[in-house]
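Keep in mind it's a predicted model, so treat the numbers as computed, not measured.
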Amino acid sequence: MLNAATLKSLLVCSTVVLSACAMSSKTTSTTTSPTTPTNPTIEAILADLTLEEKVGQLHLINFEGEPTEEQLEQIRQGKIGSILKSNGAAQNLKLQQVAVEQSRAGIPILFQEDVIHGYKTIAPVPLAEAASWDIPAIQQSAAVAAREASAGGIQLTYAPMVDMSRDPRWGRIIEAAGEDPYLASLVAAARVKGFQESGEPGQNILATVKHFAGYGASLAGRDYNIQDLSERELREVHLPPFKAAVDADVAAVMVAYTAHDGVPLTANRYMVQDVLQGELGFNGLIMTDWATIFNLVRAGTAENLEDATTAAIQNSIHMDMASNQYSELLPKLVREGRVDEQLIDDAVRQVLMLKYKAGLLQDPYGRFDEALEKAELLSDANIAATKEMALKSMVLLKNEQQTLPITNEVKKIAVIGPFAKAQKDLIGWWPGLGEAKDVVSILSGIEAEFGDSVEITYAQGVTIDRFNKAGAELIPEAVKAAEQADMVIMVLGEQEWMSGEGGGLASLHLPGLQEELLRQVAKTDKPIATVIVSGRPYVLTDVAQHSDALLQAWMPGTTGGTAVAEILSGKFNPQAKLPVTFPQHQGQVPIFYSYKKTSHPFVEGITEDRYSTTYRDVPHEPLYPFGFGLSYTNYSYSDVTLNSTTMDLQGSIIASVEVTNTGDVAGREIVQLYLHDKVASVTQPVKLLKDFTILDLAPGESKTAKFTITKDKLAFIGIDYQPTIEAGEFVVFIGANSADVKSAEFSLTN
Ligand code: BGC
């Protein structure tokens, strides 16, 4: 019996020494696969387990609500190693006591949850956070989520999601960091570090990077659809953020629902063993996504569940989420000689290593403290941090005639739109334990910000009844409210369920009659500032046309309404820049800035030249390009200067521009560096983000943004799929966004 006391007595190494044990034994183990870390404590626990108990460790099951007697009995029998969706210090402590004190082996449970952008205090959705380009703030935001989740009895999150998507029809574009691999990689590493290492001991949780890999390329924006990536696109676009997460020491990887090159990831040896474990060097735990073992049969690549289960365990999939197939079939498959027990041992080592890293093997109860939980969830500090993040993530897309910020001359504001009072929609599709009642709506944020000095009226305008065109009868009242006001704030968008998993859309126009509502309100000729609540880029072409100002507020989290109001009032000067291209027409999708050079390049606008890649009916330019975002001030950029026009492989070039705040308020500008390799053996993007810097500028102030270009920034994936650098001419672009840049050229010599 390996109860809590016995378990503790096995802890021959202190916390510090144990990590050393783990590392040193990596090279000495002869019985395990080369990627499986081991240590003496784990080996001792493993040696004591029956086959059924080992398999129990690989079993990840969901508990929703109070556990049933049957579930408790499974824990007592050592059949459940990890639980997802069971929350709360009190509940998880109770379950932990059953596991530690009433099961024969006494191994603690690892509690897991989708802590995607917050646990109880909800931050902006991940796509929004990426719009801040503020990597330390993003890390901090994950740290807040980790602090709350760990206080709520959780030790592992299924985040960060790093799937690259260039198709806003795909609902899960909300969960990652946009279209660019460089920015997405920085965000991926920051989120891993934020979850795993930014808090005090005991306040961190383990991270799981997902969904390996290519899920964001689901065809036509339909979730779970086939993906058909070239080896090149896989390596240029989809793998970099996974590599960044692995390099940041992410604890776990979740494989995607989809198939790569026809083989579902759960059974895809090339992707999991060669690429993930081999090339990326990941040596931690790999888990399925929800019941993906079943999917091998559903997708028709396994004849039956026994074959599917065998394929998964033979592919280094260590943990089975929610299919129950490991627990039901593995003991039998081992006894029949179809599965080697060493594979099970390796997988158990991975699970125990996570439990060790989470501190559970050292102290199974240390993390479950209701008083701490009460103090941590929705604490003032957490609320303040998420508000800061929300402010930094909202992108000002249009601001004519200085409609914003709202001046003292405005005495009466009409707030109109079906999302003005929204609460649930502000925390998105995956809000952890976040509750609508804790969310500041945009209307109440505005009321609080403008106080008694301004009269605020409200009209719903239309109703959101799924995608139906509902609520036309409410439009006249909204128009009347607009007529009687000095200015209008329209709050339009999408409901939380429309984005996220399974949130594929064919139309990228705002749902229902919202565009019609705006057209009618615009006829009043009152100044209109429109705020968009969404988890994806919508086609905002008509919306922009009928608005004087446009603010992309995303799904901004618990304090979203306050943050919107502070931007409208000018208390906060917007600084965010789009991490994803906003199309001007949905037929342009997939659209992104870093397209490759072709034989028939794009030409501007609508062309009579039919022999170009441009459409005949719609220009190729987006409505708003990647990297775009306005401020309440203006910036001017000098020409780009290079300290040399040649460099060799050992050297570097410094590219600089002087940026001046030409307006009369202080601002923060995100200055972006893009490169283009003019001639290479493989077609190159017309521009590729390679660096950026954030400048704080007082009115009238100038600062120099300097970028050092070294050879790593000049590398591309060569013909042999290896990083390659070729001598020749390069163009350096520096600017305020991917379209508005100045350039200079240099050559790389051998
Ligand atoms: C999603 C994962 C998620 C899991 C557990 C799946 O359907 O694809 O991203 O972590 O469910 O909730």
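- Using a distance-only test at 3.5 Å, with no hydrogens or angles considered, no donor-acceptor pair links the side chain of N315 to the main chain of I317.
- Here the side chains of I734 and L673 are in contact, with some heavy-atom distance below 4.5 Å.
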Determine, stepwise, if the pair V253 / L285 fulfils side chain to side chain contact (heavy atoms under 4.5 Å, CB included). CA-CA 6 Å; V253 173; L285 178 133; over 6 Å; no
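- Remark: D247 engages K243 in a salt bridge, criterion side-chain N to carboxylate O under 4.0 Å.
- Not a single donor-acceptor pair under 3.5 Å links the side chain of Q155 to the backbone N or O of K355.
- In terms of modelled atom types and a separation under 3.5 Å, the side chain of H676 and the main chain of L688 share no donor-acceptor contact.
- Look at E233 and K596 and you find no salt bridge, because none of the NZ, NE, NH1 or NH2 atoms lies under 4.0 Å from a carboxylate O.
- Contact annotation: the side chain of D289 approaches that of M321 to within less than 4.5 Å [non-hydrogen atoms, C-beta and beyond].
- Here the CG atom belonging to D677 is positioned 10.5 Å from the OG1 atom belonging to T724, to the nearest 0.5 angstrom.
- Judged by distance alone, the side chain of S132 and the main-chain N or O of A137 form no donor-acceptor pair under 3.5 Å.
- At least one side-chain heavy atom of E129 sits under 4.5 Å from a side-chain heavy atom of S141.
- Residues Q112 and M287 form a side-chain contact, since some pair of their non-hydrogen atoms from C-beta on lies under 4.5 Å apart.
- Rounding to the nearest 0.5 angstrom, the gap separating the OG atom in S218 from the CG atom in D223 is 6.0 Å.
- No side-chain donor-acceptor contact under 3.5 Å links K713 to the backbone of D691.
- A donor atom on one side chain and an acceptor atom on the other are found under 3.5 Å apart for D163 and H211.
- In this structure, the side chain of N225 engages the main chain of L219 through a donor-acceptor pair within 3.5 Å.
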If you apply the rule side chain to side chain contact (heavy atoms under 4.5 Å, CB included), what do you find for R232 with I717, and how did you get there? CA-CA 7 Å; R232 178 160 306 286; I717 304 289; 3.7 Å; yes
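- L578 is not listed as a side-chain neighbour of P625, based on a closest heavy-atom distance of 4.5 Å or more.
- Here the CD1-CG distance, from I83 to L60, works out to 9.0 Å after rounding to the nearest 0.5 Å.
- Taking the six-membered ring for Trp and thresholds of 30 and 60 degrees, F626 and Y593 have nearly parallel ring planes, at less than 30 degrees apart.
- Between V580 and L127, the closest side-chain pair of non-hydrogen atoms falls below 4.5 Å.
- In this structure, R367 contributes its side chain and G153 its backbone to no donor-acceptor pair below 3.5 Å.
- Taking the six-membered ring for Trp and the full ring otherwise, W290 and Y224 have centroids separated by 6.0 Å or more.
- The distance from atom CD1 of I154 to atom CG of L206, rounded to the nearest 0.5 Å, is 11.5 Å.
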How far apart are the C-alpha atoms of R536 and E175, what are their side-chain angles, what is the distance that settles it, and do they pass the salt bridge (Lys or Arg N to Asp or Glu O under 4.0 Å) test? CA-CA 9 Å; R536 52 155 54 94; E175 265 182 82; over 6 Å; no
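- Judged by distance alone, the side chains of Q140 and S198 never bring a donor and an acceptor atom under 3.5 Å apart.
- The shortest non-hydrogen separation linking S644 to I653 is O-CD1, 3.3 Å.
- Between Y182 and F692, the ring planes are perpendicular. Angles over 60° get that label, and only those under 30° would be called parallel.
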Checking E113 against T157 for the side-chain hydrogen bond (donor to acceptor under 3.5 Å, both in side chains) test, could you report, in this order, the C-alpha distance in whole Å, the side-chain angles of both residues, the deciding distance, and whether it holds? CA-CA 5 Å; E113 182 57 280; T157 176; over 6 Å; no
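- Residues I205 and R147 are not in side-chain contact: their nearest non-hydrogen atoms beyond the backbone lie 4.5 Å or more apart.
- A donor-acceptor pair under 3.5 Å links the side-chain atoms of T386 to the main chain of N382, judged by distance alone.
- Under a 4.0 Å N-O distance rule, the pair E726/K678 does not qualify as a salt bridge.
- Here the NE2-OG distance, from H238 to S165, works out to 8.5 Å after rounding to the nearest 0.5 Å.
- Note on K210 versus D114: salt bridge recorded, some NZ/NE/NH1/NH2 to OD/OE distance being below 4.0 Å.
- In this structure, the side chains of W430 and V125 stay at 4.5 Å or more apart for every pair of heavy atoms.
- Within a 6.0 Å radius of CG in D712, more than 12 heavy atoms belonging to other residues, nucleotides or ligands are found.
- Within 6.0 Å of CG in D274 there are more than 12 heavy atoms belonging to other residues, nucleotides or ligands.
- We find the CD1-NZ distance between I709 and K690 to be 10.0 Å, quoted to the nearest 0.5 Å.
- Note on D249 versus K193: no salt bridge recorded, every NZ/NE/NH1/NH2 to OD/OE distance being 4.0 Å or above.
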